[in-house]
Structures are given as C-alpha cells and as structure tokens.
Asker: 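Here it is, the structure, as structure tokens.
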Amino acid sequence: MKKFATWNVNSLAVRLPQLLDWLAAHPVDALVLQETKLTDDKFPTMEIGEAGYQVQWFGQKTYNGVALISRERAENVVKNIPGLPDEQARVIAGTVGGVRVIGGYFPNGQAPGSDKFAYKMNWLNGLRRWLADELKAHEQLVLMGDFNIAPDDRDVYDPVAWAGQIHCTAEEREHFQQLLNLGLSDAFRIFDQAPKSWSWWDYRNLAFRKNQGLRIDHILVSEALKRRVTACEIDKQPRRNERPSDHAPVIVTLQD
DNA sequence: ATGGCTCAGGTTCTGAGA
C-alpha cells in the first residue's frame with residue numbers, strides 16, 4: 001500500500017509542529033506542501049529529516065513556496081514549469097518509488113479580468129503543455145496540490161453566490177477539464193463522497209464551524225495509477241487544531 | 001450578540017490570500 005498527500009500549510013514556520021504531528025499519525029510515502037512562505041535558507045530540513053523523511057524544497061520570500069517530502073529520496077527533481085519563466089515558487093516535482101510526483105501551488109487569480117487572473121491562465125497553459133510531456137515520460141504520475149479551482153458546483157458551498165467568481169469561472173473549470181483530458185482523473189471523484197466535502201474554509205465568518213468551504217485541493221492520477229487507487233479522502237482533523245491552516249490535507253491510497 | 005481571520009514584513013498598518 002502507498003499513500004500520497006497534499007497540504008497547503010499557509011506558512012511552514014507557523015505550521016511545522018502540526019506538520020510533524022500529522023506525519024507521525026499519517027506515515028505517507030510522499031507529501032507535497034504549498035505556501036511554505038520561507039526562503040530556502042530558513043527551510044526546516046533538520047526537523048523533517050529527524051522525523052524520518054527526505055525533503056526537496058523551493059521557496060521564496062513572504063509568498064508561495066513548495067516542498068516535496070518523501071520516505072524514499074526523490075529523483076530527477078524539477079522546480080517550477082520548464083519553458084514557463086516564473087518569478088514565483090509554485091511547483092516541485094520528483095520521482096518517488098517509480099511514481100512521478102508533481103506538487104503545485106496554482107495561482108489564486110484574485111478576480112476575473114485582473115492581471116493576476118491573466119497570470120493564472122498563462123500559468124495553467126504552461127502547466128498543461130509541460131504535463132503532456134511528463135505523462136509521455138512517466139506512465140505512473142500524480143499531480144496534486146492547491147489548484148485554486150473548484151471544478152464543479154458540487155465543490156462549492158454556495159454555488160449561486162460563487163457563480164463566475166474566482167475559483168469558479170468557466171475559464172478555470174475549462175483548464176481543469178483540459179488537465180483531465182490529458183488522461184488524468186480526479187482521485188476524489190473516483191469514489192462516492194459525502195456531499196459538502198471541502199478542502200478549504202475561510203478563516204472568517206466561522207466558515208469551518210458552519211462547513212462553508214470549497215474543494216480546491218486536488219489529487220489527479222494518470223490512467224496507470226488510477227487502476228491502483230483504493231481510496232481518496234480529505235482529512236479535516238488538522239482544521240480543528242489551534243491556529244490551523246485554512247486548508248485540509250488530501251490523501252490518496254494505492255495498492256502496490 | 002446576526003458579528004466574528006491569518007499570514008509576513010515591519011511597525012501601530014498594508015497586501016494578499018480565497
């Protein structure tokens with residue numbers, strides 16, 4: 001059995017104790033992190049190493065930042081999207097135990113029509129082009145992270161209020177569909193899931209208590225990997241911590 | 001009570017997140 005997971009920790013400096021607790025309770029084969037918000041010199045390699053994990057990291061000051069934590073050492077590590085010049089640290093990829101693991105912190109996009117939305121669209125185009133190549137090179141591939149896209153109205157607590165808003169625009173959903181069209185499957189939707197399953201809840205307005213959230217953190221698997229998937233779940237428990245991240249981890253389980 | 005946030009950087013506030 002293998003487990004892969006993704007978690008937007010919203011500052012690894014703040015969340016490191018929670019990360020170490022989570023890893024102890026959930027011994028995954030690979031975990032990708034988003035929004036570490038650390039420059040590379042401040043990355044807590046020693047603490048993660050002492051927990052029994054290898055780690056690759058790619059950060060910047062204040063914003064963004066990603067990492068790939070794994071039991072086995074990740075090979076052929078790539079940072080950001082080849083062919084897409086980008087000042088922001090958003091992607092880390094590596095091969096772990098024969099599986100290509102790609103972790104992404106997709107741009108937020110702020111609002112349709114904004115410069116940040118245009119950046120998001122350009123980034124998604126670059127990602128799709130690169131992924132087409134990666135899928136040719138790696139039959140077993142998982143793309144996971146904070147996509148900042150709610151693929152369907154089922155993934156939104158109030159689809160009417162969010163219609164056309166950021167994360168829910170037709171353009172973003174079309175990009176998500178194009179990733180699926182490359183031969184990827186949304187692991188969460190392989191299985192029957194409880195309605196109102198979210199991976200993110202706003203810090204404001206008691207959103208978690210009221211279960212008002214979005215499902216924007218995803219695990220996409222290639223055809224070869226899909227055949228091995230036995231479960232996919234969102235772990236809400238860390239959202240109940242004191243000083244939680246606003247995102248919950250998502251975990252996929254595969255048979256050997 | 002019908003409101004209600006949390007980060008980093010830096011400094012008593014701003015920008016960003018989603």
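Chain naming here is simple, since letters A, B, ... match the order of the sequence lines and numbering starts at 1 in each. Computed from heavy atoms alone, side chains included, the values below leave out hydrogens, waters and symmetry copies.
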Asker: In terms of side-chain geometry, is the basic nitrogen of A/Asp86 or A/Lys79 positioned less than 4.0 Å from the acidic oxygen of its partner?
Answerer: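 No, A/Asp86 and A/Lys79 are not salt-bridged.
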Asker: In whole angstrom, give me the gap between the P atoms of B/dG10 and B/dA16.
Answerer: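 About 15 Å, rounded to a whole number of Å.
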Asker: Quantified in whole Å, what is the C1' atom distance between nucleotide B/dT2 and nucleotide B/dC13?
Answerer: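 After rounding to an integer number of Å, I get 29 Å for this pair.
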Asker: Rounded to the nearest 0.5 Å, what's the gap from CG on A/Leu135 to CG on A/Leu182? Could you check?
Answerer: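 Here the interatomic distance stands at 6.0 Å.
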Asker: By the definition ring-ring contact (aromatic ring centres under 6.0 Å, His included), identify the one residue from A/Trp200, A/Phe106, A/Phe176, A/Phe188 that meets it with A/His218.
Answerer: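 The passing option is A/Phe176.
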Asker: With rounding to whole Å, what would you report as the distance between B/dG4 and B/dA8 at their C1' atoms?
Answerer: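 Between the two C1' atoms, the distance is 23 Å.
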Asker: What string of B, S and - do you get for nucleotides 7-18 of chain B, 5' to 3', if B is base contact, S is sugar-phosphate-only contact and - is no contact with any protein heavy atom under 4.0 Å?
Answerer: SSS------SBB
Asker: As a test of understanding, state which of A/Val252, A/Leu254, A/Leu141 forms a side chain to side chain contact (heavy atoms under 4.5 Å, CB included) with A/Leu225.
Answerer: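 Testing A/Leu225 for a side chain to side chain contact (heavy atoms under 4.5 Å, CB included) against A/Val252, A/Leu254, A/Leu141 leaves exactly one candidate, A/Leu254.
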Asker: When the P atoms of B/dT6 and B/dA1 are considered, how many whole Å apart are they?
Answerer: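 Looking at atom P only, B/dT6 and B/dA1 are 24 Å apart.
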Asker: Scan side-chain atoms only and decide if A/Asn8 and A/Glu35 contain a donor-acceptor pair under the 3.5 Å cut-off.
Answerer: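 There is such a pair (donor and acceptor under 3.5 Å, judged by atom type) between the side chains of A/Asn8 and A/Glu35.
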Asker: What pairs meet the ring-ring contact (aromatic ring centres under 6.0 Å, His included) rule with one or both residues in residues 61-100 of chain A, with sequence neighbours excluded?
Answerer: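 Residue pairs with at least one partner in residues 61-100 of chain A: there are none.
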